[in-house]
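Note that the structure is predicted; figures quoted are calculated from it, not measured.
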Amino acid sequence: MRFKDQVVLVTGSSRNTGFEIAAQFANEGALVFIHGSTADGVHDAANKLRARGCERIVEAAANLGDPAAIQELFKQVRDLAGRLDVPVNNAADLACG
């Protein structure tokens, strides 16, 4: 397990590519913070990962367009895990322009 006991935050991991990235980290032993903009989407993604056997999942919803929400997201990581070893900036706003 290459990422055993590592703490990973994958932004935009409630669906698509980010979801699969998070799954790979979880399969490699990481504690993975699943992120998305809505709590419902994050919860659904976390349940799908748990159904795949990924147990070390933390749900973390935050609107990355809101600086206060970003601060709260990183506070959640710090409070629950004490550190962040691997940040994966995968979030995208496809509604632009």
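For the pair Leu49 and Val32, the minimum side-chain heavy-atom distance is 4.5 Å or more. When side chains are defined from C-beta on, Leu73 counts as touching Leu64, because their heavy atoms get closer than 4.5 Å. By the 4.5 Å heavy-atom criterion applied to side chains, Phe33 and Leu80 are counted as neighbours.
With hydrogens and angles disregarded, no donor-acceptor distance shorter than 3.5 Å links the side chain of Gln76 to the backbone of Ala61. Under a 3.5 Å cut-off, the side chain of Asn16 and the backbone N or O of Gly18 do not form any donor-acceptor pair. Arg56 places a side-chain N or O within 3.5 Å of a backbone atom of Gly29 that can act as its donor or acceptor partner. For Ser37 (side chain) and Ala62 (main-chain N/O), no donor-acceptor pair under 3.5 Å exists by modelled atom type. The closest donor-acceptor contact from the side chain of Asp85 to the backbone of Val7 lies under 3.5 Å.
With sequence neighbours left out, the ring pair (Phe, Tyr, Trp, His ring centres under 6.0 Å) criterion links Phe19 to no other residue.
Note that CZ of Arg52 is 8.0 Å distant from CG of Asn27, once rounded to the nearest 0.5 Å. For the atom pair Glu55 CD and Arg50 CZ, the distance stands at 10.0 Å (nearest 0.5 Å).
With hydrophobic clusters built from ILVMFWY side chains whose heavy atoms lie under 4.5 angstrom apart, Val58 shares a cluster with Leu84. Under the 4.5 Å side-chain heavy-atom criterion for grouping Ile, Leu, Val, Met, Phe, Trp and Tyr, Val10 is connected to Ile57 within one hydrophobic cluster. No path of Ile, Leu, Val, Met, Phe, Trp and Tyr side chains, each step under 4.5 Å between heavy atoms, connects Ile21 with Leu31, placing them in separate hydrophobic clusters. If you chain together hydrophobic residues whose side chains sit under 4.5 Å apart, Ile34 and Phe3 fall into the same group.
When every heavy atom of Arg83 is checked against every heavy atom of Gln6, the shortest pair comes out as NH2-CA, 4.1 Å. For Val42 against Ala60, the heavy-atom pair with the smallest separation is CG1-N, 3.5 Å. Pairing each heavy atom of Ala91 with each of Gly12, the nearest pair is CB-N, 3.9 Å. Residue Arg2 comes nearest to Glu28 through the heavy atom pair N-OE1, 2.9 Å, listed as atom of the first residue, atom of the second, then distance. Of all heavy-atom pairs spanning His35 and Thr11, the tightest one is ND1-CA, 3.5 Å. Nearest heavy atoms, Cys54 versus Ala23: SG-O, 4.3 Å.
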